[in-house]
There are 2 protein chains.
Amino acid sequence: MDVKFKCNCPFTSALDVVGDKWLLVIVKQMLIEGKETFKDFTEADEAIATNILTAKLKFLEEMGIVIKTQRPDNKKTNLYLLTEKGLALTSVLVELAFWSDKHLRDIHPTIVNGEEMELLRNDKTTFARVIENRYREKLTSLF
Amino acid sequence: MDVKFKCNCPFTSALDVVGDKWLLVIVKQMLIEGKETFKDFTEADEAIATNILTAKLKFLEEMGIVIKTQRPDNKKTNLYLLTEKGLALTSVLVELAFWSDKHLRDIHPTIVNGEEMELLRNDKTTFARVIENRYREKLTSLF
DNA sequence: AATTATTGCTTGCATATCGCCAGCAAAATT
DNA sequence: AATTTTGCTGGCGATATGCAAGCAATAATT
């Protein structure tokens, strides 16, 4: 379960790690929807099979994108949280959403389109910072 | 060979299209390395099996990310070129490279690190614009 | 004009990954 | 003590990937 880098290209090296059907979806669920337990992920809109979820979470942990912890009071429920390395993927996700907004609506008209999307359209950088800060606050309030 | 959107999320909808092992690699080869013919792709550092390449190019064409043309003077060699929709993925790729530069060097020290990376580190937006313009110029000079 | 090389594929088959489903142990709740 | 919840594991079929061979059409070479 480790990475094989195809070459020394910085573009594709990222894809060697994160260019997978599920990894960025999981990161997005953590970052945007606040999902943090195994259960949370299985209940998401984009439902992942549990065996794959296990494998992907383990991989994300190995890569240092996610850390696995527990709540201070609960010995069973594991918490999966983004590290700085994981949080740094925010900009990638924001660019993906920006692209969807602009280029996918013709073939997928029901993509959500609310206030948040308005902010994203107007200022990607601020949008990314807001999301990152919200996650960081959540982290500090957890412990 | 068409897309199934898992939900209405703008983040994951992009991944439904482009969150695949190869698609962004191909786009990057076109954008950064100027690859444009079937042969070009088969000779890349990140070599794709020809059957998969065929399938992926067809998909990118169906998605309107790439157009398939021919050189005015050559009836055999096909040209695969990025559309505006494809060019708009530049920012995503740039963010991926930025992330690699910052977070992947510890596990993959041989990632290229030259002048271009310096520019990328200093100003992502300019870097993206430079790449996009270079590609646009190439397009106009082609026809 | 005939021969050879190149390009852009397709096909067959092996292997790897994905995805559904059932089940299960440990902890937590009732 | 019994039940539920959480976090997983394993089996098995379906889909995707990867390697190799082959092949027709065009282009280049002789």
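Chain letters run A, B, ... following the sequence lines, proteins first, then strands; residues in each count from 1.
When the ring pair (Phe, Tyr, Trp, His ring centres under 6.0 Å) test is applied to A:F5, the partners found at least two apart in sequence or on another chain are B:H108. Remark: B:K21 pairs with no residue by the side-chain contact (heavy atoms from CB on, under 4.5 Å) rule, at least two apart or across chains. In this structure, the side-chain contact (heavy atoms from CB on, under 4.5 Å) partners of A:Q70, at least two apart in sequence or on a different chain, are A:N78. Under the rule for a side chain to side chain donor-acceptor pair (under 3.5 Å), the partners of B:E46 that lie at least two apart in sequence or sit in another chain are A:T12, B:K28, B:Q29. When the side-chain contact (heavy atoms from CB on, under 4.5 Å) test is applied to B:E118, the partners found at least two apart in sequence or on another chain are B:R121, B:N122. Legend: residues meeting side-chain contact (heavy atoms from CB on, under 4.5 Å) with B:S91, ordered by chain and number and at least two apart, are A:E95, A:K124.
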How is the base pairing of DNA chain D summarised as a dot-bracket string, given the Watson-Crick and G-U wobble criteria with both distances under 3.5 Å, [ ] for crossing and | for another strand?
||||||||||||||||||||||||||||||
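For the pair B:L57 CG and C:dG8 C1', the interatomic distance rounds to 10 Å; values are reported in whole Å. The CD atom of B:E61 sits 13 Å away from the C1' atom of C:dG8 (whole-angstrom rounding). Between B:N78 atom CG and C:dT6 atom P there is a gap of 18 Å when expressed in whole angstrom units. The distance from atom CZ of A:R71 to atom P of D:dT6 is 10 Å, rounded to the nearest whole Å. In this structure, CZ of A:F59 is placed 16 Å from C1' of C:dC18, rounded to the nearest angstrom.
Between A:E84 and A:R136 there is a salt bridge, with a side-chain nitrogen of the basic residue lying less than 4.0 Å from a carboxylate oxygen of the acidic one.
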Using a 4.0 Å heavy-atom cut-off to protein, can you give one letter per nucleotide of nucleotides 24-30 of chain C, 5' to 3': B if the base is in contact, S if only the sugar-phosphate is, - if neither?
--BBS--
Quick tally for nucleotides 10-21 of chain D: nucleotides whose base has a protein heavy atom under 4.0 Å get B, sugar-phosphate-only ones S, the rest -, giving BB-----SBBB-
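Among all heavy-atom pairs drawn from B:V3 and B:D16, the shortest one is CG1-O, 3.6 Å. Heavy atoms only, all atoms of each residue included: A:R134 and A:I32 are closest at NH2-O, 3.4 Å.
Considering only side-chain N and O atoms, A:Y80 lies under 4.0 angstrom from the phosphate OP1 or OP2 of D:dC8.
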For a side-chain contact (heavy atoms from CB on, under 4.5 Å) check, start with the C-alpha distance between A:I65 and A:V17, then their side-chain angles and the critical distance, and finish with the verdict.
CA-CA 10 Å; A:I65 291 169; A:V17 175; 4.2 Å; yes
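By the neighbour-count criterion of 12 heavy atoms within 6.0 Å, atom CD of A:E43 is densely surrounded, having more than that number from other residues, nucleotides or ligands.
Contacts classified as ring-ring contact (aromatic ring centres under 6.0 Å, His included) and involving residues 11-44 of chain B (residues at least two apart or in different chains) are not found. Sorted by first and then second residue, the salt bridge (charged side-chain N to carboxylate O under 4.0 Å, His left out) pairs involving residues 64-78 of chain B (not counting sequence neighbours) are B:E36-B:R71.
Residues from residues 27-40 of chain B placing a heavy atom under 4.0 Å of any atom in DNA chain C, listed by number, are B:T37, B:F38, B:K39.
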